[in-house]
Amino acid sequence: MYASIATALLGASALAAARPSEENKGWGTTSSSTTEYGAMPSSTQSKGWGWGNNGGSSTTSAADAGQSAFSFPLPNGFPNVSASALKDLEIAAQGVPGNGAAPMVSEDAKTSFRFIAFNELFEVAFFTELVNNITSGHYTVPNGQSANVLRALHAVQAQEEIHALGANNLLKANGANPIQPCKYDFPVDKFEDAINLASTFTDVTVGTLQDVQKTLAKDQDPVGTIQLIGSVIGQEGEQNGFYRNLNGKIPSALPFLTTSKREFAFSAINQNFVVRGSCPNLGDIKLPIFAKLDVLNVDPNQQPVNTTFKYAADNDNVYSGNPEDLSLVYINQQTLPIVLPLKMPQQNGNTLSFEADFPGAFPFHMNGLTIAVVAKGKDFKSVDDVAAATLFGPALIEIN
Ligand SMILES: *[C@@H]1O[C@H](CO)[C@@H](O)[C@H](O)[C@H]1NC(C)=O
Ligand SMILES: *[C@@H]1O[C@H](CO)[C@@H](O)[C@H](O)[C@H]1NC(C)=O
Ligand SMILES: *[C@@H]1O[C@H](CO)[C@@H](O)[C@H](O)[C@H]1NC(C)=O
């Protein structure tokens with residue numbers, strides 16, 4: 001029943017609230033057009049979800065919703081943890097970080113570990129707030145599972161803290177500044193929605209860490225870093241089996257989980273959860289933040305069938321060329337990018353609306369996470385090619 005609530009939440013949050021901030025302008029991949037954003041948001045397409053922009057002022061942003069935003073430090077001092085606080089944290093996490101010397105890594109690997117620290121800090125914020133919402137009685141856990149769920153989430157929360165500390169410690173050992181936390185707003189207000197959201201962003205994390213491993217291998221970084229990331233992929237996969245099962249899905253979604261790119265995950269977190277302008281050193285992370293893309297009509301019980309989805313792209317001076325030169329690209333499992341034309345594209349105000357087919361049935365069986373983006377071009381041989389040409393996205397679709 002909760003099949004795509006998180007998708008709807010991620011997809012329907014206010015377009016205007018999601019625009020990249022000034023501080024991220026100019027960090028591009030290879031496509032210069034991905035880095036040229038309109039400076040100020042408009043107020044079209046606002047839907048609420050706690051993002052604060054309810055269609056009034058044209059400059060309202062997520063940051064204005066900040067009165068209830070989550071902010072650090074935690075009571076134990078995190079992200080600045082004393083030796084004795086770390087001991088308690090390790091007990092809660094049921095384990096410790098590695099104790100070998102930190103590897104010296106490439107520049108691109110530093111980008112990866114900055115991204116990982118950024119991602120883990122966001123996850124610590126989410127799980128801290130989720131645990132608080134349960135212990136305070138604000139959320140009701142169904143079927144008398146409260147104690148079981150809290151036991152799991154307490155460990156997850158501590159484990160995410162150690163992931164974040166680990167990434168930042170590696171950066172420090174490499175002479176790089178640690179990534180500092182932002183303020184966050186989460187577009188959920190119910191236990192089931194929160195778990196579904198956790199499942200979706202964990203899917204994105206698991207896909208993105210594949211990209212991190214690939215980059216480490218390509219750059220010939222120390223092999224131990226690839227081993228380390230593998231241990232985290234498994235850890236996040238264990239978590240996701242639990243979240244999926246809690247919401248009535250089978251624990252393992254697919255034979256080969258959907259891959260992603262650092263750029264997609266970085267964009268999604270900034271677009272959906274970060275209070276804009278609240279990150280002390282976001283600009284250290286040399287990854288682009290794409291313009292937002294929403295998928296509008298995924299059924300709550302969507303099945304992997306051939307169908308057509310409606311999309312809205314936040315096109316505030318991002319792209320002014322011919323829509324026929326754009327493609328809607330799906331990334332699902334480990335298959336090649338699935339490239340489809342934009343049907344009936346229409347620019348209204350700052351919104352580029354269109355439809356695109358979704359070939360969910362044979363031969364792809366597009367269950368689990370599907371990442372949808374709009375990219376310039378029609379011929380993409382790999383997910384790397386897609387990311388390099390992406391203008392809008394990701395929209396996240398979860399099926400079964
Ligand atoms: C953590 O410590 C650093 C360095 O002293 C400081 O700049 C930062 O503001 C602290 N972070 C938090 C959230 O307290
Ligand atoms: C916790 O509850 C508050 C208040 O309803 C809500 O705004 C927030 O998004 C919730 N956070 C999580 C992680 O579920
Ligand atoms: C679904 O679409 C794919 C790709 O366009 C096509 O090959 C397949 O025959 C379609 N399947 C059904 C059941 O319509």
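One-based numbering, in listed order, for ligands and for the atoms of each.
- Residue contacts with ligand 1 for Pro280 are absent, since no atom lies close enough (heavy atoms, distance under 4.0 Å).
- The aromatic rings of Tyr311 and Phe354 lie parallel to each other, with less than 30° between the two planes, well short of the 60° mark.
- Surrounding CD of Gln347 are more than 12 heavy atoms belonging to other residues, nucleotides or ligands, all under 6.0 Å away.
- The list of side chain to side chain donor-acceptor pair (under 3.5 Å) pairs with a residue in residues 157-167, not counting sequence neighbours, reads Asn76-Glu161, Glu120-His163, Thr128-Gln157, Gln157-Glu161, Gln159-Gln235, Glu160-His163, Glu160-Gln239.
- Not counting sequence neighbours, the partners of Asp108 by the side chain to side chain donor-acceptor pair (under 3.5 Å) test are Arg262.
- Contact shell of ligand 2 (protein heavy atoms, cutoff 4.0 Å): Phe126, Glu129, Leu130, Asn133, His138, Tyr139, Phe186, Val188, Asp189, Ala194.
- Open room surrounds NZ on Lys87; 12 or fewer heavy atoms of other groups in view lie less than 6.0 Å from it.
- Every residue meeting the ring-ring contact (aromatic ring centres under 6.0 Å, His included) condition with Phe118, not counting sequence neighbours, appears here in chain and number order: Phe266.
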